[in-house]
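Below you'll find the structure, written out as structure tokens, and then a few comments.
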Number of protein chains: 2
Amino acid sequence: MPKTDANHAPFAYDGLDRVIHEKSRLGLMTSLMAHPKGLAFADLKQLCGLTDGNLSRHLQVLQEAGLVEVTKGYEGNRPHTSCRLTKAGRRRFLDYLAVLEGLVRDAAKAAGKEASTLSRLGMLPT
Amino acid sequence: MPKTDANHAPFAYDGLDRVIHEKSRLGLMTSLMAHPKGLAFADLKQLCGLTDGNLSRHLQVLQEAGLVEVTKGYEGNRPHTSCRLTKAGRRRFLDYLAVLEGLVRDAAKAAGKEASTLSRLGMLPT
DNA sequence: TCCGTATACTTTGCGATGCAAAGTGAGGTG
DNA sequence: CACCTCACTTTGCATCGCAAAGTATACGGA
């Protein structure tokens, strides 16, 4: 049971996991989702546009939360860190996404109610 | 122009406005989107499941960012604070939502690639 | 009229967090 | 052996969210 009563607080969205709901970490999770076999530190850095320090920190957080598995090893003779989603990580991310989708739907519906330009949603010229 | 090069950092999502991208504030924005005529302090508090203190703080942030307009007045002889989205607030929230939608799509696509249960995601219309 | 309670917020304090900059260490290269 | 690069980690700080305490006014009895 959620901490806040959904019946009385329909916009609390407390299913939005703090650990996941963070710009950088969202990117990381999505990247890892797209690459179930794992990604290297350097690749993630590129994909998510993060600095070394920040990536390191965020990975640590995700790992401590049990969402990703970080494997430190050596490729040739250089250190090589590889990351992949854990099963729990994948599941929790999907749960998170479901909530997020609900939010987007709520908002879109709200926007549509009296919108002059619903067109913005979904057909934004990126 | 985004700070991070989208060509090389497709998962940076730097369009996710920090002010909006916050659990509580997302709820507030969505609530206000659904009630374009404005909402009272107490209503927002209920809808978003926030304490007085937190609501006050978040509204202040949103107001300073020019996303919401806060009107303090008196209803009868009790203080009555009413909030509504500004035009800019509405626009920026829609922009934010567009990015968010993109993210959900990315993730859903990634999940679908090798997913056993896309069904979890309420069957996103790709 | 005084006291207590309720409403309607605001302010304060602090622990957690994200981010940038500096640090570490192992390889290669001239 | 000095120097640079790669691959991360650690540190420091400034910001932020959150809960608890504070302020102010109104109402309802005794």
Side-chain angles (χ1 to χ4, degrees), chain A residues 2-4 8-9 11-14 16-29 38-65 67-84, chain B residues 2-4 8-9 11-29 31 38-65 67-84:
Chain A
K3 195 163 52 179
T4 51
H8 298 109
F11 297 112
Y13 300 118
D14 55 63
L16 291 183
D17 190 328
R18 276 232 106 76
V19 175
I20 301 179
H21 186 71
E22 171 63 35
K23 226 166 64 138
S24 310
R25 250 123 58 185
L26 265 176
L28 289 175
M29 294 297 280
L39 280 169
F41 189 95
D43 296 341
L44 276 172
K45 185 178 132 181
Q46 274 273 316
L47 285 171
C48 301
L50 290 168
T51 61
D52 289 8
N54 294 337
L55 175 53
S56 181
R57 191 83 172 49
H58 287 306
L59 280 179
Q60 193 184 317
V61 171
L62 289 173
Q63 184 183 23
E64 275 161 13
L67 299 179
V68 308
E69 188 187 25
V70 179
T71 316
K72 288 162 210 262
Y74 278 79
E75 182 114 325
N77 42 14
R78 294 193 153 283
H80 188 261
T81 303
S82 184
C83 316
R84 52 185 306 176
Chain B
K3 196 164 48 181
T4 50
H8 299 109
F11 297 112
Y13 299 118
D14 55 60
L16 291 182
D17 190 328
R18 281 214 147 284
V19 174
I20 301 179
H21 186 70
E22 170 64 35
K23 224 166 67 137
S24 311
R25 252 126 54 187
L26 264 176
L28 289 174
M29 294 296 281
S31 303
L39 280 169
F41 189 95
D43 297 340
L44 276 172
K45 184 178 130 181
Q46 274 272 316
L47 286 171
C48 301
L50 289 168
T51 61
D52 289 10
N54 294 339
L55 175 53
S56 183
R57 191 81 172 51
H58 287 305
L59 280 179
Q60 192 184 317
V61 171
L62 288 173
Q63 184 183 24
E64 275 161 11
L67 300 179
V68 309
E69 187 186 26
V70 179
T71 315
K72 289 161 210 260
Y74 278 81
E75 183 115 322
N77 42 15
R78 292 191 156 283
H80 186 82
T81 302
S82 184
C83 317
R84 52 184 307 176

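Proteins get letters first, then strands, A, B, ... in listed order; numbering begins at 1 in each. All values reported here derive from a predicted model rather than from experimental measurement.
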Closest non-hydrogen contact found for H80(A) with A40(A) is NE2-CB, 3.4 Å
| Think T81(B) has a side-chain N or O under 4.0 angstrom from the OP1 or OP2 of dC9(C)? | yes
**OP:** Answer yes or no: does a side-chain N or O of H58(B) lie under 4.0 Å from OP1 or OP2 of dC18(D)?
**Re:** yes
Closest non-hydrogen contact found for A9(B) with C48(A) is CB-C, 4.1 Å
Across all chains, not counting sequence neighbours, the side-chain contact (heavy atoms from CB on, under 4.5 Å) partners of Q60(A) are E64(A)
Establish, with yes or no, whether the OP1 or OP2 oxygen of dT11(D) is under 4.0 angstrom from a side-chain nitrogen or oxygen of R57(A).
no
Name the nucleic acid region contacted by K72(B), choosing base, sugar-phosphate or nothing; use a 4.0 angstrom heavy-atom cut-off, strictly under.
sugar-phosphate
Atom CG of L55(B) and atom P of dA19(D) are separated, to the nearest Å, by 13 Å
note: L44(A), atom CG; dT9(D), atom P; distance rounded to Å ~ 12 Å
Here the distance between atom C1' of dC16(D) and atom CG of D17(B), to the nearest Å, is 15 Å
Inset, instruction - Give a yes/no answer on whether the side chain of R18(B) brings an N or O atom under 4.0 Å of OP1 or OP2 in dC19(C). - result: yes
L62(A) atom CG is separated from dG18(C) atom P, nearest whole Å, by 10 Å
D52(B) meets the side chain to side chain donor-acceptor pair (under 3.5 Å) criterion, sequence neighbours left out, with K45(B)
_Taking any heavy-atom pair under 4.0 Å as a contact, classify E22(B): base, sugar-phosphate, or nothing._
sugar-phosphate
Between CG of L59(B) and P of dA8(C) the distance, given in whole Å, is 15 Å
Mind listing the side-chain donor-acceptor pairs of residues 15-28 of chain B below 3.5 Å, one per line with the distance, residues two or more places apart or on another chain?
residue, atom, partner, partner atom, Å
D17(B), OD1, V19(B), N, 2.8
D17(B), OD2, R92(B), NE, 3.4
D17(B), OD2, R92(B), NH2, 2.3
R18(B), NH2, E22(A), OE2, 2.7
H21(B), ND1, Y96(B), OH, 2.7
E22(B), OE2, R18(A), NH2, 2.5
R25(B), NE, V19(B), O, 2.7
R25(B), NH1, H58(B), ND1, 3.3
R25(B), NH2, V19(B), O, 3.3

Taken in chain and number order and not counting sequence neighbours, the residues that satisfy side-chain contact (heavy atoms from CB on, under 4.5 Å) with A42(B) are none
Hits for side chain to side chain donor-acceptor pair (under 3.5 Å) against N54(A), two or more places apart or cross-chain, chain-then-number order -> T51(A)
A correct 5'-to-3' footprint of nucleotides 20-25 of chain D, with B, S and - meaning base, sugar-phosphate only and no protein heavy atom under 4.0 Å, is B-----
To the nearest angstrom, the CD-P distance between Q60(A) and dC19(C) comes to 15 Å
